[in-house]
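What you see is a predicted model; the values in this text were computed from it and never measured.
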Amino acid sequence: MTSIVNTLQNIFKIAELKSRVLFTLALLAVYRVGAHIPTPGIDGEKLSEFLHAQGGALMGFFDMFSGGALSRATIFALGIMPYISASIILQLLTVVIPHLGKLAKEGESGRKKITQYTRYGTVFISIIQSLGMAVGIETMGQGFVQTPGWEFRLITMITMTSGTAFIMWLGEQITERGIGNGISLIIFAGIVAGFPNAIISSISLIRAGELHIFLMMIVILMMVVVIGFIIFMERGQRKIPVQYAKRVVGRKIYGGQNTHLPLKVNTSGVIPPIFASSLLMFPATIAGFIAIPWVQTFSNMLAPGSAVYTIIYVGLIFFFCYFYTAIIFNPVDIADNLKKYGGFIPGVRPGQRTSDYIYKVLARITFGGAVYLSAVCILPDILRGYFNVPFYFGGTSILIVVGVALDTISQIESHLVTRSYDGFLKKGRMRGRR
């Protein structure tokens with residue numbers, strides 16, 4: 001405990017790190033304030049009570065990512081999910097469209113152009129989703145909308161689209177001028193904001209006698225075990241040994257050392273669950289606002305805990321694990337760089353054989369990472385659905401919170417260690433996912 005207090009004191013001794021941390025906290029506070037500003041013309045509190053009563057697990061799951069803004073239909077109701085959806089589409093198109101593939105390889109200028117396209121896509125998706133929500137709220141009746149009509153729909157579209165654009169700007173500012181990944185931290189803040197309500201609900205069940213305190217202790221122990229397992233897997237690596245041949249340049253000898261190529265068990269981090277949730281959220285959210293029997297049936301089929309939802313969710317996690325790993329880690333480039341600088345893997349020929357070997361190892365550990373992510377994400381649904389265990393903290397939310405916290409702490413750790421300060425762990429041994 002004393003070490004943690006000293007580390008927190010060290011953060012505020014470094015002017016740059018102090019300003020970055022305070023800047024990040026200030027923008028996250030702005031985001032949380034905006035999540036409570038109602039959209040004009042909608043009775044947010046009345047709508048929230050109705051949706052939680054009718055939407056059940058589906059609304060609770062999707063509302064988690066917006067920190068409660070979705071069910072109240074505030075100006076941040078759409079959250080950051082349209083931006084994530086646009087990012088998914090652009091990353092998929094970089095593989096299909098050669099022009100976008102070239103932009104992705106052009107360095108900083110190409111990334112800026114793709115980011116610009118992502119922003120346009122975010123606005124387009126936000127317009128569609130906000131229009132669907134406006135029409136859906138109108139069809140519900142119940143007196144949620146004060147003055148129905150196209151005037152209300154246009155105001156809702158402009159308000160919610162502007163809110164998503166502002167959240168996107170907040171995330172980019174945090175990434176550039178703050179600490180950690182801005183988009184991930186915004187999702188992190190929305191999830192953490194719902195934890196107090198889950199704790200209060202658990203205490204209420206204990207007082208009412210519906211939940212035995214012994215069972216609650218077991219649930220807490222399971223949470224600790226799951227968090228420990230997540231940390232263990234996020235820091236897990238497969239080290240491929242690499243040797244460098246000796247080179248004589250003039251009178252000096254270079255190379256000759258032994259090192260390793262670290263491959264993360266979960267190279268993609270928390271991206272697959274976020275992307276999978278985003279793709280499932282779009283049709284299910286729109287369906288939840290349309291009061292048509294067959295649409296409601298479709299919405300219930302995509303509710304967390306159902307067999308259809310679990311199968312699609314796990315399939316999307318596996319897909320994005322392999323897809324995102326292939327984007328950020330290219331075995332051919334690694335093999336070419338090793339060959340260029342005289343490095344080789346013992347027992348494997350340089351060039352094509354090396355890239356094939358790295359690809360084979362990466363495919364195996366990525367499968368293990370996908371199994372781990374899927375197990376953590378669907379574990380709470382299995383506990384609630386088949387064993388009636390009141391596990392209020394979803395596996396996806398815990399995974400995102402722990403993963404983002406590890407990345408943020410890793411960045412703070414690097415700042416502290418670079419300036420010869422003690423980090424959160426002795427001698428700066430904290431390692432992030434990347």
Side-chain angles (χ1 to χ4, degrees), residues 31 33-56 58-89 117-171 186 190 277-300 302-303:
Y31 166 68
V33 171
H36 292 83
I37 299 177
T39 299
I42 299 177
D43 189 342
E45 295 298 329
K46 188 177 179 181
L47 176 64
S48 178
E49 294 177 1
F50 176 81
L51 289 177
H52 279 101
Q54 300 294 325
L58 178 64
M59 179 54 62
F61 177 75
F62 293 157
D63 202 31
M64 171 188 70
F65 287 95
S66 63
L70 175 61
S71 63
R72 295 190 298 269
T74 67
I75 61 173
F76 289 168
L78 299 180
I80 199 63
M81 286 305 168
Y83 177 81
I84 296 175
S85 300
S87 299
I88 296 172
I89 295 172
Y117 292 154
T118 305
R119 292 169 181 166
Y120 295 152
T122 301
V123 173
F124 178 73
I125 295 174
S126 299
I127 291 174
I128 296 176
Q129 289 187 349
S130 58
L131 177 61
M133 288 185 62
V135 174
I137 295 173
E138 280 184 338
T139 56
M140 286 180 181
Q142 306 290 331
F144 299 139
V145 180
Q146 298 174 0
T147 56
W150 273 106
E151 182 179 354
F152 162 74
R153 297 171 189 174
L154 290 175
I155 291 177
T156 302
M157 289 169 57
I158 295 173
T159 302
M160 292 187 177
T161 302
S162 301
T164 298
F166 183 70
I167 295 175
M168 178 175 60
W169 179 82
L170 288 179
I186 286 175
S277 301
S278 177
L279 286 183
L280 285 174
M281 180 181 296
F282 177 66
T285 303
I286 299 301
F289 284 97
I290 300 176
I292 301 177
W294 70 268
V295 176
Q296 292 295 321
T297 302
F298 171 75
S299 176
N300 294 331
L302 292 180

task: Step by step, work out the side-chain contact (heavy atoms from CB on, under 4.5 Å) result for T156 and M133.
output: CA-CA 9 Å; T156 302; M133 288 185 62; 5.6 Å; no
task: Output all residues satisfying side-chain contact (heavy atoms from CB on, under 4.5 Å) with F166, sequence neighbours left out; order by chain, then residue number.
output: V30, F76, W169, L170
Set of residues satisfying side-chain contact (heavy atoms from CB on, under 4.5 Å) with respect to T118, sequence neighbours excluded: Y83, A86, S87, L90, I114, T122
message: Working to the nearest 0.5 angstrom, can you tell me the gap between I75 CD1 and T159 OG1?
response: 8.0 Å
- prompt: What pairs with I158 under side-chain contact (heavy atoms from CB on, under 4.5 Å), at least two apart in sequence or on another chain?
  reply: S162
query: Any side-chain heavy-atom pair from I89 and I125 closer than 4.5 angstrom?
result: yes
statement: Correct closest heavy-atom pair for I80 and I167 would be CD1-CG2, 3.6 Å
message: Suppose we screen for side-chain contact (heavy atoms from CB on, under 4.5 Å). Which residues come up paired with L131, at least two apart in sequence or across chains?
response: V135, W150, R153, M157
- line: side chain to side chain donor-acceptor pair (under 3.5 Å) filter on Y120, not counting sequence neighbours, yields Q116
task: Determine the minimum heavy-atom distance between T74 and G34, stating which atoms define it.
output: OG1-O, 4.1 Å
- prompt: What heavy-atom pair brings S126 and T164 nearest, and what distance separates the two atoms?
  reply: OG-CG2, 3.4 Å
- prompt: Out of curiosity, T39 OG1 to I155 CD1, how far, rounded to the nearest 0.5 Å?
  reply: 10.5 Å
